[in-house]
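The structure appears right after this line, and notes come after that.
Labels below follow one simple rule: chain letters A, B, ... track the order of the sequence lines, proteins then strands, and each chain is numbered from 1.
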Amino acid sequence: MNKILKKKVLNPTVTLMEVDAPLIAKKAEPGQFIILRVDADGERVPLTVADYDREKGTITIIFQVVGASTEKLNHLNEGDYIHDFVGPLGRATHTEGLKKVAVVGGGVGCAIAYPVAKKLHEQGTEVHAVIGFRNQDLVILEDEFAAKSHKLVRMSDDGSWGEKGLVTDALRKLIESGEQYDEVITIGPLPMMKFVCKLTKEFGVKTIASMNPVMIDGTGMCGGCRLTVGGKTMFACVDGPEFDGHLIDFDEAISRSATYRDFERHTHEETCNLFRQAEQH
Amino acid sequence: MPNMSLNKNPMPSQEPDVRNKNFSEVALGYTAEMAIDEAQRCLNCKHKPCIAGCPVKIHIPEFIKEVAAGNFEAAYQIIAQSSSLPAVCGRVCPQESQCEGKCVRGIKGEPVAIGRLERFVADWHNANATDKPVKPESNGHKVAIIGSGPAGLTCAGDLAKLGYQVTVYEALHLAGGVLVYGIPEFRLPKAIVQKEIDTLIDLGVDVQTNVVIGRTITIDELMQEYGYEAVFIGSGAGLPKFMNIPGENLKGVYSANEFLTRINLMKAYRPDSTTPIQHAAKVAVVGGGNVAMDAARCAKRLGADVTVVYRRTEAELPARREEVEHAMEEGIVFKFLTNPVSIGGNEQGWVSSITCQEMELGEPDASGRRRPVTKEGSDFEMPMDSVIMALGTSPNPLIKTTTAGLETQKWGGIIVEEATGLTSREGVYAGGDAVTGAATVILAMGAGKTAAAAIDEYLKNK
């Protein structure tokens with residue numbers, strides 16, 4: 001059982017929680033993830049570590065409400081306990097020796113991109129952050145990115161915030177204007193990462209993408225999180241979650257990510273109805 | 001006067017056509033009368049070959065003698081001297097190749113039903129005994145156990161009884177290892193596993209779930225910062241194998257580990273569960289071991305037509321005979337001498353078929369079994385909407401990669417001294433599937449026992 005020390009609503013569907021987890025906080029690095037279960041019968045939900053405080057012994061998670069489990073998690077408040085909280089899992093982001101990096105985040109993926117930008121910035125790497133959201137209401141972590149990047153490009157699909165357009169438009173402009181990156185690190189929806197990788201391949205810029213597939217145990221046991229990288233089957237939980245974006249079979253990953261979509265939509269609706277009924281009584 | 005019947009008392013069981021639609025236990029257990037009657041088949045022979053067949057050396061004729069006399073608690077106490085998990089072993093041990101395989105009565109007729117008697121005695125104890133085990137006085141030494149499967153639980157139990165302060169670390173949210181995530185409810189009810197774990201907790205064992213050794217804490221930290229004087233690694237063989245054939249990453253292809261974990265650990269077998277599981281109509285299970293049988297029988301219970309695809313013949317099936325018979329009775333189809341070459345998918349990326357080749361048996365291979373050879377041009381396709389790969393597992397590399405100086409085999413198994421379980425690191429012992437690769441519950445328990453004795457010896461002389 002791990003206590004929620006802080007809860008902050010970042011936008012209507014995205015919430016931040018700071019969770020008491022001293023053992024995990026001691027070890028966590030950007031790029032790694034935790035798995036939580038909200039209650040005794042809950043699913044195992046993998047969430048990437050958004051931040052950590054080794055002294056306070058806390059792990060920050062940022063999640064979007066997409067299914068039954070995240071809906072239930074979002075109903076917990078400061079002082080409540082999360083039933084299970086395990087980690088840190090996966091490999092940490094490789095940041096050593098990087099001089100100049102573009103961090104490209106989309107939507108709630110920015111929550112995962114942020115600790116990477118922060119670590120790079122703090123080790124002296126020149127960080128260009130490109131962050132994109134569907135519209136102004138969904139923007140998260142703007143000030144945080146501004147503080148931990150040398151250049152911040154804001155993009156929105158409808159132009160209500162920053163420039164109108166996709167993160168790939170902004171990245172193309174940066175590269176074409178002569179910016180030379182050692183690496184691009186991209187975290188966001190699968191189609192976005194797919195097109196970021198397509199673009200950087202064109203320019204021959206090494207790109208790392210962070211994958212978040214369906215998984216159960218997070219220790220290599222179930223194989224549910226497998227994906228094809230360079231023609232080989234890899235497990236995101238132990239071999240990743242970050243991989244060379246130019247080698248990932250994104251179409252397969254997109255297809256696999258939809259395995260339980262109908263089921264999840266259904267259980268999410270059921271859970272919402274339960275909460276609604278409870279509120280009416 | 002011994003009971004000279006040539007046959008074991010049959011095990012009362014749910015009818016095949018009933019049980020293949022529910023997840024309740026298949027075998028219902030002996031009544032006291034059946035147990036006493038069966039126990040009287042034991043000749044209490046002088047050289048006791050059955051004990052030699054038991055990896056944990058239970059005093060079999062002694063406990064059976066007590067059963068024959070109706071002293072069930074006394075029988076339990078005899079088993080408990082050697083086994084920490086009798087209710088589990090009575091259910092899942094391959095007795096036919098161990099104790100019962102050596103039984104003198106088996107020379108002419110069937111051996112004494114030792115497994116069924118063990119199960120009866122353990123269940124009787126669990127239902128009737130009221131006194132909790134007493135926590136022994138602490139000897140002040142701390143030992144850490146990694147993994148709460150059969151090897152870890154046995155090692156923990158034996159050390160706790162000797163007064164060691166034992167902590168068991170489990171990566172998942174529930175203790176029990178393969179006993180809870182792998183073996184299905186209808187073969188080993190989860191309440192039985194929980195009861196055995198509760199007994200260990202009563203003995204003073206501290207069980208810490210949600211700790212991944214190698215990630216949350218390393219072995220070096222356990223020994224240097226946490227003050228554990230010895231560590232036992234019983235982390236099992238959790239990494240599933242795939243065939244690397246086309247179509248294996250389609251939706252609807254699962255490792256048996258994933259499929260069974262969803263059903264068992266994550267309780268997808270319960271109608272009210274929120275764990276997603278595919279309710280497929282036609283399922284192929286690839287493999288012929290106990291795990292393949294478990295996966296096939298689970299899929300059947302979720303309503304599918306199930307075909308087991310195995311590349312050798314029925315005679316080479318590595319699964320326990322009883323599991324194969326149960327699966328066949330439940331209506332599972334077996335396709336022998338058949339090997340998948342690809343999996344076909346539909347436009348949405350879901351499995352739609354499996355293409356296999358016919359095989360024939362050639363010369364014996366290194367394992368002594370005749371090697372299956374492909375029959376050219378024999379490819380055929382079967383419509384399927386799910387494929388479960390039950391091809392075996394290998395040890396998880398997490399501990400190896402985070403523990404300097406821990407030597408392993410090329411395939412990942414931890415190298416140990418056979419008589420003690422000692423690894424290449426001082427004070428670090430290992431046993432079970434983490435050492436041998438996927439094997440049985442009882443062999444893992446035997447290894448846990450061996451290591452517990454060696455750890456005791458090591459710490460007493462330190």
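Within the 4.5 angstrom heavy-atom criterion, no atom of A/K232 approaches chain B. For A/E43, the parts lying under 4.5 angstrom from a heavy atom of chain B are both the backbone and the side chain. If you measure heavy-atom distances from B/T275 to chain A, the contacts under 4.5 Å come from the backbone alone. Contacts between A/S69 and chain B at a heavy-atom distance below 4.5 Å are absent for every atom of the residue. The contact between A/A40 and chain B is made entirely by backbone atoms, counting heavy-atom distances below 4.5 Å. With a 4.5 Å cut-off on non-hydrogen atoms, A/L23 touches chain B through its backbone and its side chain both. Contact of A/F85 with chain B is made through the backbone alone, with heavy-atom distances under 4.5 Å. For A/I35, no part sits under 4.5 Å from any heavy atom of chain B, backbone or side chain. Residue contact with chain B, scored on non-hydrogen atoms closer than 4.5 Å, involves the side chain of A/R37 exclusively.
Inspection of non-hydrogen atoms places B/Q348, B/G349 of residues 341-349 of chain B under 4.5 Å from chain A. Of residues 276-287 of chain B, those residues lying under 4.5 Å from chain A by any heavy-atom pair are B/P276, B/I277, B/Q278.
The OG atom of A/S255 sits 8.5 Å away from the CH2 atom of B/W350 when rounded to the nearest 0.5 Å.
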